[in-house]
Amino acid sequence: MADLWNVEKIPFVGTEDVKQGLGFRYYDADRVVAGKKMKDWLRFGVAYWHTFDQRLVDPFGDGTAQRPFDGKYSDPMDLALAKVDYSFEFYQKLGAEYFCFHDRDIAPEGDNLRESNKNLDRVVDRMEELQKETGIKLLWNTCNLFNNPRFFAGAATSPFADVYAYAGGQLKHSLEIAKRLGAENYVFWGGREGYENLWNTDYKREQDNIARFFQMAVDYAEEIGLDAQFLLEPKPKEPTTHQYDFDAATTIAFLKTYGLDDHFKLNLEGNHANLAGHTYQHEIRVARTAGMLGSLDANQGDKLLGWDLDEFPSDLYETTAVMWEVLAEGSIGPKGGLNFDAKPRRTSFSEEDLFLAHVVGMDAFAAGLLIAAKMHEDKFIENLVGDRYSSYDSGIGAKISAGETSLADLEEYALDIPNEDILASVKADKLEALKATINNYILSGLTEK
Ligand code: XUL
Ligand code: CO
């Protein structure tokens, strides 16, 4: 390993010293939890755009980030190529086995699509070499169809056919890159696919057009033998007033409406869930229930602020809930992982902060995994839920569950039951006690080996 970053490889140090330094407290990659190594449950990925491109700007100020490649390269292609080397050393020092990128994160745009593709290919060559050398894998790549001004009114939902065609051309090359680099998944986040104002929007045409766009992607993947799992990433708003992939339920309904549900699963993000008025766990549960959990973008929002902050995850209650769902599912989707779609705060601008922020996120999910594994081992939630619905296991409940009842049957059953007997058949939920038990698992689940 070269020494491009002024930080040593991050060791596992355990919990003896409680102050968070540059060491993992809970993430012990090869430790077996619930039958699998931690690293295989969590499959951590680094997001190229945040980690290597993000300057930590906000609407009121320039970037504050201090990165080791700053000021060293005057030619944008030289910088792009050098950053690949920096990125692979970063993954290795951190101990993350996966990375994710948008096409425009890794290479500058040229004067036309042909030039842009050429720039991209040179950088992809270097990535391919380093993937072979290090064994680090591509969790997913994607197409940036939102940054350039041409996409001001969307890409596959643009009112302008030339923009749509350009987006399709750009996507084609991005799929070819996915194939070359062995991407395990391919993500579509509809950056500006939505509307600013419904009055000037042909909703039906835009929905039909983007469904065709996805169908073309499915067809082309088949043509070139790309077996990456396709993923849609829901988000309700920002940058547009209304994004079409509002939340998991809306996105599943869209996929089913257009017969695309066999080809896609969902990539769910914590902060996006909050923007939609949901918890992260809710979104994951909805996707699981439909057999559509694909992968996770790991980040968190801020309860006091209503926009997409992309904070590194540190909330143990949330990581516990997420990992509880993942353990119940058996994995984060067939080829999913935890991609840190997150950036340090602009006050955390140093090289060390960039590593630390990832360490905090990895530890928060590792801790969540340990706690959730203990909950599953005790079948705490399974028993509680089983008991809550046990009246469906026999008698009239079993008949309802088997689809053997009509409304007339239900009427006949219910007509003469005294009101007090119905009330006597229900049980109090003891919700406060349930929450306290979860707190106890969080407090004790980390200390037990
Ligand atoms: C934006 C977002 C994207 C996608 C990839 O909020 O989450 O970075 O994850 O395009
Ligand atoms: Co994301």
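Each ligand, and each atom within it, is numbered from 1 in the order the structure gives.
- A distance of 6.0 Å or more separates the ring centres of F214 and Y258.
- No close placement of the F52 and F101 rings is indicated, their centers lying 6.0 Å or farther apart.
- Residue pairs meeting the side-chain hydrogen bond (donor to acceptor under 3.5 Å, both in side chains) criterion with at least one member in residues 132-144, sequence neighbours excluded, are N144-N147.
- Taking the ring centroids of Y244 and F254, they lie at or beyond the 6.0 Å cut-off.
- Side-chain rings of Y48 and F99 stay apart, their centers remaining 6.0 Å or farther from each other.
- Taking the six-membered ring for Trp and the full ring otherwise, the centers of F146 and F151 sit at least 6.0 Å from each other.
- Less than 2.8 Å away from the Co ion (ligand 2), the protein contributes these N/O/S atoms: E233 OE2, E269 OE1, D297 OD2, D341 OD2.
- Protein residues lining ligand 1, listed by chain and number: W49, H102, W140, W189, E233, K235, E269, H272, D297, D308, D341 [non-hydrogen atoms, distance under 4.0 Å].
- Checked against E128 for a salt bridge (Lys or Arg N to Asp or Glu O under 4.0 Å), the options R122, R180, K179 give a single hit: R180.
- Within the structure, ring pair (Phe, Tyr, Trp, His ring centres under 6.0 Å) pairs that include any residue of residues 54-77 comprise F69-Y86 (at least two apart or interchain).
- Other residues, nucleotides and ligands contribute only 12 or fewer heavy atoms inside 6.0 Å of the CZ atom of R205.
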